[in-house]
Amino acid sequence: MSHANLEQVKRRIEAASASEPDVTLIAVSKTFGAEDIAPVLDAGHRIFGENRVQEAQGKWPQLQQRYNGVELHLIGPLQSNKAAAAVALFDVIQTVDREKIAKALASEMRKQNKHPSLFVQVNTGEEPQKAGIPPQNTSAFVERCRDAHGLTIDGLMCIPPFDENPGPHFALLRKLARECALEKLSMGMSSDFETAIAFGATHVRVGSAIFGSRG
Ligand SMILES: *Cc1c(COP(=O)(O)O)cnc(C)c1O
């Protein structure tokens with residue numbers, strides 16, 4: 001099933017991005033096991049997102065022995081005691097959201113001499129329960145990552161409030177990225193990736209539209 005879903009999502013991305021061709025599809029495989037992920041790998045897809053370090057550690061090293069060229073994105077909150085494992089496993093960490101994490105990542109990247117691409121997560125809806133830098137602090141935080149920790153930030157990521165029209169949140173993230181001179185924008189999920197592309201998403205994170213419902 002997920003192979004056909006993958007092709008359909010790819011066609012929808014192509015249609016939505018007619019004028020802006022470079023949208024990276026991150027297939028979000030959280031909660032799904034190797035048997036569900038393998039068909040998507042067999043179909044040639046290589047870019048995947050996971051939201052938990054430990055869960056990803058449990059399934060991806062084996063899959064990476066079977067399939068070359070996998071690119072893994074961490075899209076869930078990172079605890080500093082997992083920074084070492086995250087740097088070791090992930091190619092992109094999209095959820096840099098506080099000073100303590102920036103510091104832990106910088107130290108691990110030096111130690112492991114491995115440099116995953118980093119995005120800062122912005123809490124565009126300023127929801128108390130949600131991770132992310134408040135919008136008004138974004139540019140100061142991006143600067144601090146660079147100046148105090150020597151980190152290169154490549155883009156911004158957001159998860160709009162569940163019950164709101166996502167468009168204004170995508171527009172805000174794009175505006176913040178421009179202010180910070182960042183080119184990459186990770187926004188849009190199964191329910192709204194076409195809207196996100198219209199607002200300039202360079203990375204969309206699509207789970208259920210590819211893998212089916214997480215139950
Ligand atoms: C689960 C998840 C997604 C994918 O959500 P779907 O609605 O299944 O496409 C995208 N981004 C993040 C941060 C997630 O945790």
Side-chain angles (χ1 to χ4, degrees), residues 1-13 16-17 23-33 36-37 39-40 43 45 47-60 71-79 82 86 89-98 101 116-127 129-133 135 138 154-167 169-170 172-174 176-177 184-215:
M1 264 328 280
S2 48
H3 180 181
N5 291 345
L6 174 70
E7 292 311 316
Q8 195 188 29
V9 167
K10 282 183 1 192
R11 276 196 302 275
R12 285 171 59 190
I13 288 174
S17 59
V23 177
T24 298
L25 170 60
I26 301 164
V28 177
S29 49
K30 66 186 187 197
T31 78
F32 289 96
D36 295 309
I37 300 172
V40 178
H45 197 74
I47 306 172
F48 291 85
E50 290 283 346
N51 69 335
R52 296 210 165 117
V53 175
Q54 212 160 358
E55 182 189 337
Q57 276 180 312
K59 57 190 175 187
W60 279 102
E71 179 180 305
L72 275 187
H73 292 240
L74 178 63
I75 61 170
L78 178 59
Q79 305 301 321
K82 296 270 168 57
L89 183 61
F90 288 94
D91 303 287
V92 183
I93 295 172
Q94 297 203 358
T95 49
V96 182
D97 64 354
R98 57 197 189 278
I101 288 299
S117 171
L118 303 176
F119 288 46
V120 165
Q121 181 174 354
V122 181
N123 188 357
T124 57
E126 302 187 58
E127 296 171 279
Q129 83 287 5
K130 196 167 273 175
I133 296 287
T138 304
D154 292 321
L156 301 180
M157 175 271 212
C158 76
I159 310 169
F162 182 67
D163 54 357
E164 282 182 33
N165 174 7
H169 296 275
F170 297 153
L172 173 59
L173 197 70
R174 179 177 60 185
L176 293 170
K184 295 181 179 168
L185 279 174
S186 173
M187 54 193 199
M189 323 203 312
S190 291
S191 59
D192 55 18
F193 66 84
E194 283 137 322
T195 306
I197 290 168
F199 282 97
T202 62
H203 292 65
V204 293
R205 312 178 305 265
V206 179
S208 49
I210 296 172
F211 291 100
S213 155
R214 285 181 295 272

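Count residues from 1 along the sequence. Just so you know, ligand 1 is whichever comes first in the structure, and atom 1 is the first atom listed for that ligand.
- When atom types are taken as modelled, the side chain of Lys59 and the backbone of Phe32 share a donor-acceptor pair closer than 3.5 angstrom.
- A search for side-chain hydrogen bond (donor to acceptor under 3.5 Å, both in side chains) contacts involving Glu126 returns nothing, not counting sequence neighbours.
- Results of the side-chain hydrogen bond (donor to acceptor under 3.5 Å, both in side chains) test with Ser186 over Gln121, Gln94, His203 single out Gln94 as the only residue that passes.
- Looking only at side-chain heavy atoms (C-beta outward), Arg205 and Ile159 come within less than 4.5 Å of each other.
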Quiz prompt | Steps toward ring-ring contact (aromatic ring centres under 6.0 Å, His included) verdict (Phe119, His73) | solution = CA-CA 10 Å; Phe119 288 46; His73 292 240; 7.1 Å; no
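- Salt-bridge check for Glu55 with Lys30: failed, with every basic side-chain N at 4.0 Å or more from each acidic carboxylate O.
- Closer than 4.0 angstrom to ligand 1 lie heavy atoms from Val28, Lys30, Ile75, Met157, Ile159, Met189, Ser190, Arg205, Val206, Gly207, Ser208, Arg214.
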